[in-house]
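Just below is one structure, and these are the notes that go with it.
Throughout, residue positions are numbered sequentially from 1 according to the sequence presented. As the structure lists them, so they are numbered: ligands from 1, and atoms in each ligand from 1.
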Amino acid sequence: MTLPPNDWTAAGCHRVADGVHRIPLPMPQDGLRAVNVYAVEGPAGLALVDAGWRVPGALEVLEEGLATLGARLTDVRDVYVTHVHRDHYTLGPELRRTAGASVHLGEGERAGVEAIQALGHNQPMESLRQLRRGGAARLAQAIEELMTTEVWEAGDWEGPDEWLRPGEVSLAGRPVEAVAVPGHTKGHLVFHDHAAGHLFTGDHVLPTISPSIGFELGEWELPLGHYLESLASLLRRPDATMLPAHGHPGGSVHERVRELLAHHDRRLDATHGLLRSPRTGLEVARGLTWTRRERPFEDLDPFNRMIAVCETMAHLDVLVERGAAQASYADGLARFRRS
Ligand SMILES: [Zn+2]
C-alpha cells in the first residue's frame, strides 16, 4: 500500500493496491466533500467501482485520473455501483452514454430506481414521510421548498444494464464476491476481492463517519435493524482491507465494524435514556448531539436535520422492535416511551 496524501479528497489517481487506483471525484455542497471511484485493472481490461456524481467537471476529473494509467474513458468496460445514492450512481449512465460502459447495480435497488423514475423529481419522499411521523412536519415543508429548486435530469436515473445479484462477479477479469449489505440503502453491495484481501465497502463501512440510515425511496423497513445485521455479517467473513467510498482507504474492516456497532449501541442507549416521558422523534433528535463534533441539532442545516430525524426514527424503531420502547400513534404522529 502506498501512503495516501493527508487530504483524501486531493485530486489525482492514487494507487491503493496492485492494479487498484483511487480517483476522488468532486461533490457539490455536501459535508462528504468527495467520492472515491476505484479504477480496477485486470486481465479483461478496466472496470470501476462506483461511478461518482454527475456534476459539472466530474467526468473530466475521472478522465484525467484514468489518463495517468494510460487509459481513456472508453477503456472502461464496466461500472459496478455499490448503491443507488446519486453521488455513487449518476455518473454511471453518463459513462454509458459517452463511453459505452455497462452499468451494474444491486437488484435490491430496483424499487428505489423505479420510484425515482416514476416521481420525476428529487424529493426524498420516504424521508419526508418519516419527518412527519417524527413530528417534524415544518422541517419536511422546508425541505420540500428547498428541493423544488433542484434540477431534475431523467438521464441520471436511467436503469443499469444489469441488476446484480450477490455472488461472484468479474471486475475486469478479477473474481470478486458481491455481498448484499442492506441498511444504508436496501440494495447496497460491497465487493470482496478475496485474493487481494480487500473489500470495496461503498458507504456501508466508512472510516470516520457513521453512514446515514434510511435515506432512500420505498418502504421503510427497519433500516437500522438491517444495517446492524449487515455489519455483524461482515464479522462472520474473513477480515479485509477497507476501500471506502468516502475517506482514506486502508485499515481493517472488522475493526471499523466493531467501532460502528459500538457507536450504535451508545446511540440506542442515549435514545432510550430520553424516553422517560413520551417523546416524538424530533424531540429525541433535539436531545442528542450530532456529527463527530457533537453539534446541537439546531446548528445543523435543514438537509442534515432531516438526516438526523430519520436516523433518530430508525433508532426508535429498533428500540420498539427489541421491546425496550413502545410507540403510540395519533394522526400519523408517533410518540415513543420506555416499555
Ligand atoms: Zn450513500
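- We find the CD-CD distance between Q141 and E145 to be 4.5 Å, quoted to the nearest 0.5 Å.
- The aromatic ring centroids of H184 and H85 lie less than 6.0 Å from each other.
- Under 2.8 Å from the Zn ion (ligand 1) lies an N/O/S atom of H83, whether from backbone or side chain.
- Inclusion of H188 in the first shell of the Zn ion (ligand 1) is not supported: no N, O or S atom falls under 2.8 Å.
- Note that CD of Q326 is 13.0 Å distant from CG of L316, once rounded to the nearest 0.5 Å.
- Backbone or side-chain N, O or S atoms of D203 reach the Zn ion (ligand 1) at under 2.8 Å.
- Aromatic ring pairs are classed by plane angle as parallel below 30°, tilted from 30° to 60° and perpendicular above 60°; the pair Y227 and H204 is perpendicular.
- Formation of a donor-acceptor pair under 3.5 Å by the T82 side chain with backbone atoms of D50 is not found in this model.
- If you look at H85 and ask which of its N, O or S atoms sits nearest the Zn ion (ligand 1), the answer is ND1.
- Closest to the Zn ion (ligand 1) among the N, O or S atoms of H184 is NE2.
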